[in-house]
Amino acid sequence: MTLTQLRYFLAVIKAGSISGAAVQIHVAQPALSQRLKQLETELGQRLFTRLPRGIELTAAGHKLKIHALEIIRRVESVHTDFVSSDSNPFGHVKLGMSTAINTKFCVDVLESVNRIYPNIQLALVESMSGTLLEWTESGRIDMAVVYDTPGNTPLVVNFLAREKLYLVSNREAKGALPDVITIAEIAELDLILPAFPQTLRLMIEKVFLDSIGKSPKILIDVDSTHAIKKLVAAGKGHSILSIHSIDDELSRQELAITPIADPSITRTINLVSNQNRTPDSAVRAVQKVVTRLLAARLSDGGEDRPDYVV
């Protein structure tokens, strides 16, 4: 097995066909097919199912893809380690951000990294916090901006800020609610929340159990902030979210918020990384940018802003 074979294998996956990959990497199709056949023979497994239009990975192909991506990443990091420095970092960095944070700050983060460190190629990945924690621990991404991390996490956790959460409703439903709502009153409402084990769901469940001794009434489990907002706007139920995750919907008056009291609900925003992987200069540079940028933006105005408690 050679690096060339693994690069060809990944090129075919990216192109979706052997012929497409041959064009993209400027290799004759017969030569490319032969290299892939040699790889399959060596592994004793079929990696692709050839279709009339393209290819489909077999189970063995999916397994090799994971290994190939990691091998290529490690090989490229050797070169990066020699040419990169803290003053002039080179390399590829994968940053995960929870949906609400990514929606609000992705442009700021990308522009800041590109301006300060032009030799860093930053890839942003968006998902919910629970998923990002798993990806950071597995090494799929280098770091992530997530909400409330579990106390037993094996990850390195750097606190950025603390934010308030609000009851979110559509405009019609908001008219039937008090100006400030308690946990006991929310317990009578149908809620649309992420499913277990997402961190937002775990945190809300704990607040309800600690304050009133029972769980919230969950109408629908939805692991998508976008879908939750759409369902709430359509009047299917209420949710509990931060202001910055619904900025656009508030400005369009599709959604409305109600402050929560007795008790209020807050959560932390953190930057996490894998303690078992020593960050290279590029990763350290992005960590500094994210920490400086988000900590400043999230805490700007302090208690004068209604959506954050810092």
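These values consider heavy atoms only, across backbone and side chains, with no hydrogens, waters or symmetry-generated copies. This structure is a prediction, so every number in the text was calculated from the model and none was measured.
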Over-ring placement of R267 relative to Y147, 6.0 Å and 45° cut-offs: yes

Test item: side-chain donor near acceptor, N119 and N88, under 3.5 Å: yes

Heavy-atom check, side chain of V145 versus side chain of N270, under 4.5 Å: no

same_hphob_cluster(L47, I72) at 4.5 Å side-chain heavy-atom cutoff: yes

Backbone N/O of A261 and side chain of S264: donor-acceptor pair under 3.5 Å: no

side-chain hydrogen bond (donor to acceptor under 3.5 Å, both in side chains) partners for D108, two or more places apart: R297

Rounded distance [0.5 Å steps], CE in M143 versus CG in L95: 6.0 Å

Any donor-acceptor pair under 3.5 Å from E126 side chain to N102 backbone: no

Criterion side chain to side chain contact (heavy atoms under 4.5 Å, CB included) on L177 and L189, from CA distance to verdict: CA-CA 10 Å; L177 298 175; L189 303 176; 4.2 Å; yes

Between N274 and T136: side-chain donor-acceptor atoms closer than 3.5 Å: no

Between CG on residue L241 and CD1 on residue I246, distance to nearest 0.5 Å: 6.5 Å

Donor-acceptor contact present, side-chain D142 to main-chain K94, <3.5 Å: yes

Ion pair D221/R201, N-O distance below 4.0 Å: yes

Partner of D247 by salt bridge (Lys or Arg N to Asp or Glu O under 4.0 Å), out of K104, K229, R252: K104

Between K164 and S242: side-chain donor-acceptor atoms closer than 3.5 Å: no

A285 versus P89, closest heavy-atom pair with distance: CB-CG, 3.9 Å

Intermediate values then yes/no, side chain to side chain contact (heavy atoms under 4.5 Å, CB included), V12 and F48: CA-CA 10 Å; V12 171; F48 303 105; 3.8 Å; yes

Side chain E137, main chain E134, donor-acceptor under 3.5 Å: no

Closest non-hydrogen atom pair between S33 and I18, with its separation: OG-CG2, 3.6 Å

Spatial distance of atom NE2 (H226) from atom CD (E249) [nearest 0.5 Å]: 8.5 Å

Residue pair L43 / L39, side-chain heavy-atom distance below 4.5 Å: yes

L165: which of T266, I240, I243 passes side-chain contact (heavy atoms from CB on, under 4.5 Å): I240

Shared hydrophobic cluster, F208 / F196 (ILVMFWY, side-chain heavy atoms < 4.5 Å): no

Side-chain heavy-atom pair D179, T258 within 4.5 angstrom cut-off: no

Pair E70 + K63: basic N to acidic O under 4.0 Å: no

Hydrophobic cluster identity match, V168 and M203, side-chain contacts under 4.5 Å: yes

NZ-NE2 distance between K65 and H67, expressed to the nearest 0.5 angstrom: 13.5 Å

Side-chain hydrophobic cluster, 4.5 Å single linkage: members besides L133: V125, L132, W135, I141, V146, L155, V157, V272

Within-4.5 Å side-chain heavy-atom neighbours: L219 and L191: no

Within 6.0 Å of CZ in R53, more than 12 heavy atoms from elsewhere: no

Side chain to side chain contact (heavy atoms under 4.5 Å, CB included) between Q287 and N158, worked out: CA-CA 10 Å; Q287 286 175 333; N158 293 301; 5.7 Å; no

Main-chain N/O of A195 paired with D223 side-chain donor or acceptor, under 3.5 Å: yes

Exam field: side chain S239 to backbone I192, donor-acceptor pair closer than 3.5 Å: yes

I183 versus P263, closest heavy-atom pair with distance: CG1-CD, 3.5 Å

Hydrophobic cluster identity match, I120 and I116, side-chain contacts under 4.5 Å: yes

Side-chain heavy-atom pair I186, I260 within 4.5 angstrom cut-off: yes

Test item: side-chain donor near acceptor, S19 and Q29, under 3.5 Å: no

T131 side chain vs S127 backbone, donor-acceptor pair below 3.5 Å: no

Nearest heavy-atom neighbours spanning V156 and Q275: CG2-CB, 3.5 Å

Check: E188 main-chain N/O paired with K217 side-chain donor or acceptor under 3.5 Å: yes

Min side-chain heavy-atom separation V207-E205 under 4.5 Å: no

Closest heavy-atom pair and its distance - S98, S129: CB-OG, 3.9 Å

Validation row: H244, I101 side chains within 4.5 angstrom (heavy atoms): yes

Any donor-acceptor pair under 3.5 Å from R35 side chain to Q5 backbone: no

Pairwise distance CD(Q24) to CG(L32) - rounded to 0.5 angstrom: 11.0 Å

Working for side chain to side chain contact (heavy atoms under 4.5 Å, CB included), residues I257 and L250: CA-CA 8 Å; I257 59 170; L250 288 175; 4.1 Å; yes

Atom pair CG (L271) and NZ (K288), whose distance is rounded to the nearest 0.5 Å: 13.0 Å

Side-chain donor-acceptor contact under 3.5 Å, R46 with T58: no

Flag, side chain of T41 to backbone of K37, donor-acceptor distance under 3.5 Å: yes

Carboxylate-amine/guanidinium proximity below 4.0 Å for K174 and E254: no

Taking every non-hydrogen atom, the tightest pair across Y8 and V27: OH-CG2, 3.5 Å

Joint cluster assignment, L69 & F9, ILVMFWY side-chain distance < 4.5 Å: yes

T268 vs E163 side-chain heavy atoms within contact, under 4.5 Å: no

